[in-house]
Amino acid sequence: MSSLAENLRDLPELLSWHLLLSLCALTTAATLTLILAIAADRSEKIKRIALDLAGTVQTIPSLALLAMMVPLLGGAIGFAPAYAALTLYGVLPMLQNTITGLDSIDGSLIEAARGLGMSERQILRRVRFPLAFPVIIAGLRTATIWVVGLTTLATAVGASGLGTYIFTGLQTRNNGMMLFGCFFAAALAIVLDQALGLLERALRNRHRGAARAIAFWFGAAALLAVFTAWEPTFESEREGPAASLPPADESANPAAPRRPLQGLALTTGSKPFIESYIQAELLALELENAGASVDNRPNMGSTILFDALRSNAVDCYVDYSGTIWATIMKREEPASRIVTLLEVAGYLLREHGIVTVGPLGYQNDYSFAMRRGHAARLGIRSIADLTDRNLKIAGDPEVFGRPEWRRVREAYDLESLSTVGMQKIYMFDAVMNDQVDAIVAYSTDGRITLYDLLLLDDPKQVFPPYDAILLVSPQAAENAALIDVLANLVNRVDETLIRDANRAVDVDGETPEAAAAFLWGQLRSPIAPPIASPDGGE
Amino acid sequence: MSEVAITGFAKSFDGGESFALEGIDLVVNDGEILVLLGSSGSGKTTLLRAINGLIQPDAGRVTVGGDDIATLDATALRRTIGYVIQGAALFPHMTVAENVGIVPNLREWPPERTAARVDELLQLVQLEPDDYRDRMPAELSGGQAQRVGVARALAAEPCMMLMDEPFGALDPVTRVQLQDEFKNLQRSLSLTTVLVTHDMTEALLLADRIAILASGDVAQIGTPAEILNRPASAYIEELLTTPRRQAAELKGLFTS
Ligand SMILES: Nc1ncnc2c1ncn2[C@@H]1O[C@H](COP(=O)(O)OP(=O)(O)OP(=O)(O)O)[C@@H](O)[C@H]1O
Ligand SMILES: [Mg+2]
C-alpha cells in the first residue's frame, strides 16, 4: 500500500514545482496585465481587443489549452507549455479587474488631479492605480486561486506538481493519495490568497514593515521552492560526470558490459491509467538497471505524449498499435494483428522517424464486457446481439469520441444504445450494480477476471488490435545501446502477466512501481514466468 | 502673467445644439478678487475650468498673462494656478499632508520645504498640523475637508487662484474667519482670484468685482456697490433681496 509516508516523501519536490509553476505564471500574467492595462488605457480599441482575447482564452477548456501549448512550443513538455498556458489563463481575471478598477475612479478626483497639474501619466500612477489597487488585488487573488487549481492539470503536459497525486490517486483508486494532493493544492491556494489579502491590507494601511515582511516570505518561499525543486536534478548531475565515457561508446566498453547506458539521462512518460503507469515503471527499471537515470512524467495526455516523443522531448514510452492506427494514422478499417503492427511501425519510422522496438507481447483491446448472468438473461453473446437494443453502456469519456467507437456503432447499428462517460475506475462498479448493462473495458483490466465478466465477441473485427508497442524517439533511436536494452522487454509480457500486474494495483492497492517490480522480476527469471496467484499482490 | 482675459467664449456640451455659455467677454484684473455668481447650472464651474484649460472653448479664447492658454503647456500652467475644486475632492488614499503637498511635490520642491509649507497652510486654515497632518480624508468632516482643499490650492505659492465654492460647507463662524484669513492673504500677496459662489452675501463681502451669470451669459458685472445700487435686471434685484432683508432684520435686532 502506498502510505502517507510515501506521499510525504515526494511532497517537498512536487509542492515546490507546483508553487514555482503557479508563481511564475502569476507574475508573468501580472506583468502582462500591467502592460496591457496601460496600453488599453490609451486606446479603446486596444482595450476591446485585449479583453476579447483574454475572454476567448478563458473559453478554451483548460486541459485543451495546456495540450495546445505542446505543439505550439515545438513539442516541448513539462514546465514550458504548462507555464505558457497558465499564464494566459491568469491574465483575464487580472486584466478585467485592472481595467474595471482604473475606469471606475470617481471622475471628480481625476478632474482634481488634472486641475492640480498632474499629467495623464502621473494621474494613472499616483491616483488611478492606487485607488484601483484593492480591485486589482482582488483580480490577482482570483487569478491565484484559478492558477494554483489549474496547475494540478499541468501534469497532463508532463509538468511536475501536486496533480501527480490527484491523477495517479484517482486512477489507482488510492483515495488517500488523491485527497493528499487535493488537500495540499487547496492549502497552497488558500495560503497564497490570504497572504495577498494581508499584503493588500498592509499596503492600504501603510504598514510598510508588514508589507515588506510578507513580500520577504513570498521571496523566501519561492527561493526555497527553487532549491527543493532542483535538488534531484543537482543530484543526478553530480552523478553524471561519474560516467567515464559518452553513452554511445559505453556499449563498446568491455569494462562496463552490464551498464551500457551509464550516465545517460532519459525521459519516459505515461498516460493517466494504471497499465500505462506500470509500463513506464517497467521501462524505468530496465533502463536504470542498465545504468541510465530516468525521469518519468506521469499522467500525460495521449496525443501530448506522442507529440513529445516525436519532438524528442520524451525518449521512449509504450503505446498501442491500435491507438496509433486509429488516432494518429486515422485509418478507418481494422487489420489483422501482424499487419497492424507492421504498418504502424513502418508509418512511425517513415513519417516521424520514431523507431518501434517491438511489441511487449500482449494486446489490450477494447472489449464490450457484461455480467454473465445479465448477458444470458438478455441473450447476448456478441456485439452483434446489441443491435437495436435499448441498453446503457458506460466507457471512459475518451472512448466515445474515438473513431473506433464511431465505426463499431455503424458496423453493428448501435444507435439505440445510450452511452455514459465515466472514469474507468467507476465503470466496473456501475456494471456490477446494474446501473449500466455493459461497459467498454480493456481486455487486460484486472477486474475482468476479478468480477468474472463476459467479453462480447467482435465477429466483424471492427476494433483494431491494440498491441502494447515500445516506441523510441528519433533522436534516442540513434543510440544502438538503448535499443538493445529496451529489446530485452520485447515479447516478454503476456496477457496474464499484465492482467495480474494491473490487478495488483487496481484491486490490491499496490503502487504501480511495486507492480512493475513484480513484473520485471518475472521477466528476469531465466525460467518461463510463472503465472501469479489469482490473489495478486505480493 | 496673472491677468485673465476671456473673449467671445462659448461652450457646448452637446455638440453645438445648446450652449452652456455663449459670447462671454470677461477680464480679471491683476490682484483683484472677481466673484462669479449665479444659480445652480448657470455655468460658473464651466467658466472657471476654462481658465486653467480643463475645458476647451468651442469659440473664443482665454489668455492668462497675455498668452493664449491653448498655446501653453497645460500641466505647467495648472501648477501655477491654485485650484479649489467644488466639494474638496481630496484624494482618499493620501493623508492630509500628502494632499496639501501634491503641487509642491509635482514642482519637485525639497521634502523639508514641502513639509514646512504644509504645516504653515494647515495653520492658516485652522487645522492643528500635529492633529491633522496624518489623517486620511475619510477622517475629516465636510468643512475640514474643504479647508484642506483650500490649503492644497495655496500650497505651491500660486500666482492666481480659482476657487469653486470654497467655503460652502462651513459653519458661519469658521466661514467668516476663513473668508477674512483668505482676504488678508489675498491682499498681502495681491493674488488674482476668481471665486465661485451662489451666495450673494459672500460675494458682496469678498469681491472687488462681481460677475453675475444668468442663462449662459454675463448679466451684470461691477463692484459690490454698483451691483447693490444699480441692479441691471429684475433677476439681480431678486438676488439682492435676501442679503438686504437679512441686513435689515439684523439691524433691527441690534438696535432693539
Ligand atoms: N461635462 C459636462 N457634460 C455635459 N454637461 C455639462 C458638463 N459640465 C457642465 N455641464 C452643463 O453645463 C451647465 C453649466 O454647468 P456648471 O457646472 O458650470 O454649473 P454651475 O454654475 O457650476 O452649477 P453649480 O452651482 O450647481 O455648481 C449645466 O447645465 C451642466 O449640466
Ligand atoms: Mg459648479
Side-chain angles (χ1 to χ4, degrees), chain A residues 34 37-38 41-42 44 97-141 196-212 214-215, chain B residues 45-46 48-56 72-95 97-108 134-139 145-146 148-149 151-156 158 160-165:
Chain A
L34 207 62
I38 290 172
D41 202 54
R42 302 214 173 131
E44 278 300 317
N97 275 43
T98 306
I99 288 179
T100 316
L102 290 178
D103 282 352
S104 58
I105 305 300
D106 183 355
S108 71
L109 290 177
I110 293 169
E111 182 75 16
R114 211 170 277 148
L116 292 169
M118 287 194 198
S119 65
E120 293 305 309
R121 270 246 303 280
Q122 287 166 327
I123 294 175
L124 187 63
R125 221 189 46 187
R126 299 191 186 199
V127 178
R128 293 170 66 209
F129 259 117
L131 287 175
F133 191 65
V135 184
I136 294 173
I137 288 285
L140 177 61
R141 290 174 69 171
L196 285 173
L198 285 177
L199 184 66
E200 193 258 327
R201 263 227 310 277
L203 286 174
R204 186 152 37 91
N205 296 336
R206 297 161 174 251
H207 293 145
R208 293 243 163 74
R212 233 177 267 135
I214 295 165
Chain B
T45 301
T46 305
L48 204 64
R49 291 167 64 212
I51 299 173
N52 64 2
L54 282 175
I55 57 169
Q56 274 72 48
L72 298 174
D73 173 6
T75 55
L77 173 74
R78 289 174 198 148
R79 286 173 198 180
T80 64
I81 301 178
Y83 182 31
V84 183
I85 294 111
Q86 188 169 10
L90 301 182
F91 297 111
H93 61 296
M94 297 182 186
T95 62
E98 285 167 339
N99 265 288
V100 176
I102 286 172
V103 187
N105 205 317
L106 290 172
R107 291 174 66 172
E108 294 172 357
D134 294 324
R135 288 209 198 181
M136 300 307 282
E139 300 160 343
Q146 210 165 35
V148 175
R152 180 172 70 180
L154 286 166
M160 183 162 92
M161 288 290 280
L162 304 177
M163 308 175 85
D164 201 342
E165 305 192 23

Q: Does any backbone or side-chain atom of Arg107(B) lie under 4.5 Å from a heavy atom of chain A? Answer side chain, backbone, both or neither.
A: neither
Q: Please identify which of these residues, Ile105(A), Thr98(A), Thr100(A), meets the side-chain contact (heavy atoms from CB on, under 4.5 Å) condition with Leu102(A).
A: Thr98(A)
Q: Looking at chain B, which one of Gly115(A), Ser119(A), Ala112(A) has the largest number of heavy-atom pairs inside 4.5 Å, strictly under?
A: Gly115(A)
Q: Top residue by heavy-atom pair count (under 4.5 Å) with chain A, among Ile102(B), Asn52(B), Leu106(B)?
A: Leu106(B)
Q: Looking at CD1 of Ile136(A) and CD1 of Ile99(A), how far apart are the two atoms once the value is rounded to the nearest 0.5 Å?
A: 10.5 Å
Q: Measure the spacing between CD1 of Ile214(A) and CG of Leu198(A) and express it to the nearest 0.5 Å.
A: 5.0 Å
Q: Considering only heavy atoms, which portion of Arg126(A) lies under 4.5 Å from any heavy atom of chain B: side chain, backbone, both, or neither?
A: both
Q: With a sphere of 6.0 Å drawn around CZ of Arg125(A), does it hold more than 12 non-hydrogen atoms of other residues, nucleotides or ligands?
A: no
Q: Just give me the residue among Ala156(B), Ala88(B), Ala155(B), Pro92(B) that pairs up with chain A most often, heavy atom to heavy atom, under 4.5 Å.
A: Pro92(B)
Q: Is the number of heavy atoms from other residues, nucleotides or ligands within 6.0 Å of CZ (Arg42(A)) greater than 12?
A: no
Q: Could you tell me which portion of Met136(B) (side chain, backbone, both or neither) has an atom closer than 4.5 angstrom to a non-hydrogen atom of chain A?
A: side chain
Q: Any carboxylate oxygen within less than 4.0 angstrom of a Lys/Arg side-chain nitrogen, looking at Arg141(A) and Glu200(A)?
A: no
Q: For Leu162(B), which atoms come within 4.5 Å of any heavy atom of chain A: side chain, backbone, both, or neither?
A: neither
